[in-house]
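Scroll down for the structure; my scribbles are underneath it.
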Amino acid sequence: MNPTAPPAFTLRDYQQDAVNATLTHFRRSSDPAVIVLPTGAGKSLVIAELARLARQRILVMTHVRELVEQNHAKYAALGLEAGIFSAGLGRKEFSHQVTFASVQSIARNLEHFATSFSLLIIDECHRVGDDADSQYQQVINHLRSHNPALKVLGLTATPYRLGHGWIYRYHYRGFVRSEEPRVFEKCIFELPLSHMIRHHYLTPPTVINAAIAHYDFSSLTPSDNGHYPERTLNSLLAKHPRVTRTICEQIEDLARDRQGIMLFAATVEHAHEIGRYLPASETAVITGATPGDERERLLNDFKAKRLKYLVNVAVLTTGFDAPHVDLIAILRPTASVSLYQQIVGRGLRLSDGKKDCLVIDYAGNDFNLHHPEVGTPRPDSDSTPVQVFCPGCGFANIFWGKTDASGQVIEHYGRRCQGLLETEDTVPQQCDYRFRFKECPHCGAENDIAARYCHRCHEAIIDPDDLLKRALQLKDAKIIRCAGISLMADGECLTVIYQEEQGDELRERFHLDRPAQRAVFNRLFGRRCSNGSRPHRFNTAAEVLAAQQQLPAPDFVIARQAGGKGRNAYWQVRERLFDYQGRYRKANRM
């Protein structure tokens with residue numbers, strides 16, 4: 001790249017910051033990097049400026065021809081020449097210094113790209129998976145075979161994949177997104193949606209509840225990528241035709257003072273049903289089966305405001321922009337926050353006479369646009385992003401959790417601190433504090449709750465399912481699904497009562513005036529106070545009783561018969577399984 005060349009146009013401040021972050025990163029490292037910019041932030045201008053600064057050959061790649069054309073147009077507007085390699089656009093040019101291409105076309109014609117490229121830019125890079133046989137990976141590996149020092153830069157508004165999590169490992173603000181290897185190593189620049197709205201770069205969304213009618217998709221189970229089976233959706237929707245009609249009547253009523261309305265349907269059949277309930281002369285329905293020429297004509301009519309309603313099924317979430325759109329109606333379910341953001345993003349661009357964009361979700365998706373992603377699937381419908389400070393390093397983690405009426409965190413599902421500890425002389429390391437953990441029986445190290453081997457001593461950790469299975473086979477063993485605990489104290493003798501969901505119980509005593517038993521109690525319960533976010537070292541029974549609401553309950557308790565037979569026999573607790581994950585049902589779960 002040639003950062004000394006004068007810019008050909010004026011970038012917004014954040015766009016220039018993104019360009020500078022890229023130059024700085026690739027001067028120091030060849031690690032693949034990500035830039036996160038909201039929909040409408042002008043990723044194509046950032047790409048154009050980076051391409052303009054490049055000294056050697058670069059390839060700009062994305063997945064749809066509309067984005068190939070859009071990115072090329074921004075670069076060409078600078079008066080510079082670049083090639084296009086896209087079968088969908090009818091062009092296969094590969095000899096220019098800068099080439100804009102579709103990943104499908106490149107993957108089918110790798111022999112044309114046998115020379116060295118210095119930089120690969122991937123737009124909508126959240127689509128890049130880890131599968132070595134994917135088209136993206138084929139292209140990356142091919143280019144690296146000709147230049148092992150190839151720089152790879154991704155741009156996206158949604159840096160996560162459902163069922164996969166974050167697409168990069170480290171964030172430049174000093175926290176960890178993934179402990180697993182990722183295609184991209186680091187996010188080097190990120191701009192929140194709230195910044196764009198606050199500085200009037202985007203139209204503010206006005207999200208309202210669907211008060212009149214809505215669909216109930218709660219009985220359906222999505223696939224790993226957040227989609228629902230079309231046959232199942234059609235079957236459910238067919239049972240509620242009046243709901244769709246009522247929704248369309250409400251949309252038509254709300255649309256009287258709106259310029260352009262986009263409706264996102266659940267299936268092709270559903271899209272055509274919606275289209276029948278809207279004014280025929282003002283409505284277009286576009287699906288994956290719509291012929292290319294007809295699709296282009298309908299989209300042009302919509303952009304020119306000759307059509308007011310545009311109904312589609314998963315074909316206009318990226319690569320399509322009609323700035324006048326000021327009402328988004330979501331009539332389809334999705335478990336993917338990325339897709340939800342992309343849908344709403346269609347209505348956030350600025351346009352004359354546009355004050356806001358009305359967003360109505362008739363499918364109960366319930367995502368927060370400004371705090372959209374935690375990186376793991378939402379545990380249940382009541383979960384919300386919560387801030388949890390690490391007792392070890394002080395980092396403010398964002399986990400799924402639950403709050404009370406005053407907004408105080410009462411529960412969270414975080415496992416390990418996401419803080420990144422950096423010093424001048426060492427490689428940055430993730431903070432090793434764990435909110436939930438499995439203790440190694442060999443060395444006492446704290447491991448992830450799903451670990452099979454200890455990260456410190458590398459010895460095998462007994463699988464909790466194996467423990468339960470063995471106990472079930474013993475005549476002198478007792479297992480309870482623990483639904484909660486209660487406490488009693490007699491001086492410094494503390495009794496913990498493990499309560500089974502059907503009323504049975506097991507008891508265990510800790511003499512807190514004895515250092516060894518006090519240490520065991522603190523290791524089991526004190527360390528796990530408030531889901532590990534407020535670990536406490538108790539010294540007296542009175543301290544424990546005062547904090548009993550913060551103490552965790554194990555999911556299973558295993559006891560063995562002791563004291564011989566007859567009246568002297570009693571149950572002695574041997575194992576307490578916290579944060580259990582396995583095939584056995586936990587208490588109060590169906």
Side-chain angles (χ1 to χ4, degrees), residues 7-23 33-53 60 62 66-67 69-75 77-78 121 123-126 153-160 171-173 187-208 258-262 303 305 316-328 330 337-359 367-373:
F9 54 83
T10 302
L11 295 175
R12 291 174 177 172
D13 55 354
Y14 65 83
Q15 293 168 337
Q16 187 62 58
D17 289 342
V19 170
N20 293 342
T22 304
L23 298 174
V34 173
I35 288 174
V36 179
L37 292 172
T39 300
K43 292 195 300 291
S44 55
L45 290 176
V46 173
I47 291 171
E49 178 65 0
L50 290 170
R52 187 187 71 82
L53 294 173
V60 180
T62 189
E66 289 87 355
L67 284 175
E69 195 169 32
Q70 177 180 305
N71 289 335
H72 176 268
K74 288 292 191 296
Y75 184 74
L78 305 179
I121 299 177
D123 195 7
E124 302 292 333
C125 67
H126 58 275
L153 176 71
L155 293 95
T156 182
T158 52
Y160 26 77
H171 195 281
Y172 69 99
R173 291 197 182 105
C187 172
I188 58 174
F189 183 82
E190 181 173 20
L191 188 74
L193 178 66
S194 57
H195 176 96
M196 295 287 293
I197 295 171
R198 188 167 59 250
H199 290 83
H200 310 293
Y201 292 130
L202 288 178
T203 301
T206 300
V207 182
I208 65 171
R258 297 281 163 175
Q259 302 179 54
I261 295 83
M262 289 187 70
K303 290 179 180 180
K305 302 183 183 180
L316 299 178
T317 54
T318 59
F320 171 75
D321 289 309
H324 73 288
V325 170
D326 53 2
L327 196 161
I328 297 286
I330 306 171
V337 66
S338 300
L339 179 58
Y340 183 84
Q341 281 185 289
Q342 290 160 358
I343 287 173
V344 176
R346 298 309 102 201
L348 301 187
R349 293 187 182 273
L350 301 177
S351 180
D352 291 341
K354 179 177 172 182
K355 296 181 179 179
D356 70 345
C357 177
L358 191 62
V359 179
F367 289 117
N368 186 323
L369 272 177
H370 298 283
H371 301 284
E373 177 60 30

Going by atom type alone, with no hydrogens or angles, which donor-acceptor pairs under 3.5 Å involve a side-chain atom of residues 192-206 and a protein atom two or more places apart or on another chain?
from: H199; atom 1: ND1; to: H195; atom 2: O; distance (Å): 3.0
from: T203; atom 1: OG1; to: R349; atom 2: O; distance (Å): 3.1
from: T206; atom 1: OG1; to: D356; atom 2: OD2; distance (Å): 2.8

What residues, two or more places apart in sequence or in another chain, satisfy side chain to side chain donor-acceptor pair (under 3.5 Å) together with [X]?
{"X": "H171", "answer": "E190"}
{"X": "Q259", "answer": "K305"}
{"X": "Y75", "answer": "none"}

Can you list everything that forms a side chain to side chain contact (heavy atoms under 4.5 Å, CB included) with [X]? Sequence neighbours excluded, please.
{"X": "A18", "answer": "I35, V46, F189"}
{"X": "D123", "answer": "K43, I47, T62, L67, N71, L155"}
{"X": "A157", "answer": "T39"}

Considering non-hydrogen atoms only, spot the tightest contact between [X] and [Y] and give its length.
{"X": "V344", "Y": "I328", "value": "O-CG1, 4.4 Å"}
{"X": "K74", "Y": "S44", "value": "CG-OG, 3.3 Å"}
{"X": "V36", "Y": "C187", "value": "CG2-SG, 3.9 Å"}
{"X": "K354", "Y": "V325", "value": "NZ-O, 2.6 Å"}
{"X": "C357", "Y": "G347", "value": "CB-O, 3.1 Å"}
{"X": "D321", "Y": "K303", "value": "O-CE, 3.4 Å"}

Mind checking whether [X] and [Y] have side chains closer than 4.5 Å, heavy atoms only?
{"X": "V19", "Y": "Q16", "value": "yes"}
{"X": "D17", "Y": "L191", "value": "no"}
{"X": "L153", "Y": "I188", "value": "yes"}

Within this structure, what is the [atom1]-[atom2] distance for the pair [X] and [Y], rounded to the nearest 0.5 Å?
{"X": "I343", "Y": "M262", "atom1": "CD1", "atom2": "CE", "value": "9.0 Å"}
{"X": "I121", "Y": "T22", "atom1": "CD1", "atom2": "OG1", "value": "8.0 Å"}
{"X": "L78", "Y": "R52", "atom1": "CG", "atom2": "CZ", "value": "7.5 Å"}
{"X": "R12", "Y": "L45", "atom1": "CZ", "atom2": "CG", "value": "8.0 Å"}

* Begin from the C-alpha positions of H126 and E124 and carry the test side chain to side chain contact (heavy atoms under 4.5 Å, CB included) through to its verdict. => CA-CA 6 Å; H126 58 275; E124 302 292 333; 2.9 Å; yes
* Asked: Hey, is the main chain of A41 close enough, under 3.5 Å, to the side chain of Y14 for a donor-acceptor pair?
  -> yes
* To do: State whether the side chain of T158 and the backbone N or O of Y160 hold a donor-acceptor pair below 3.5 Å, judged by distance alone.
  => no
* To do: Decide if atom CG of D352 counts as having more than 12 heavy atoms of other residues, nucleotides or ligands within a radius under 6.0 Å.
  => no
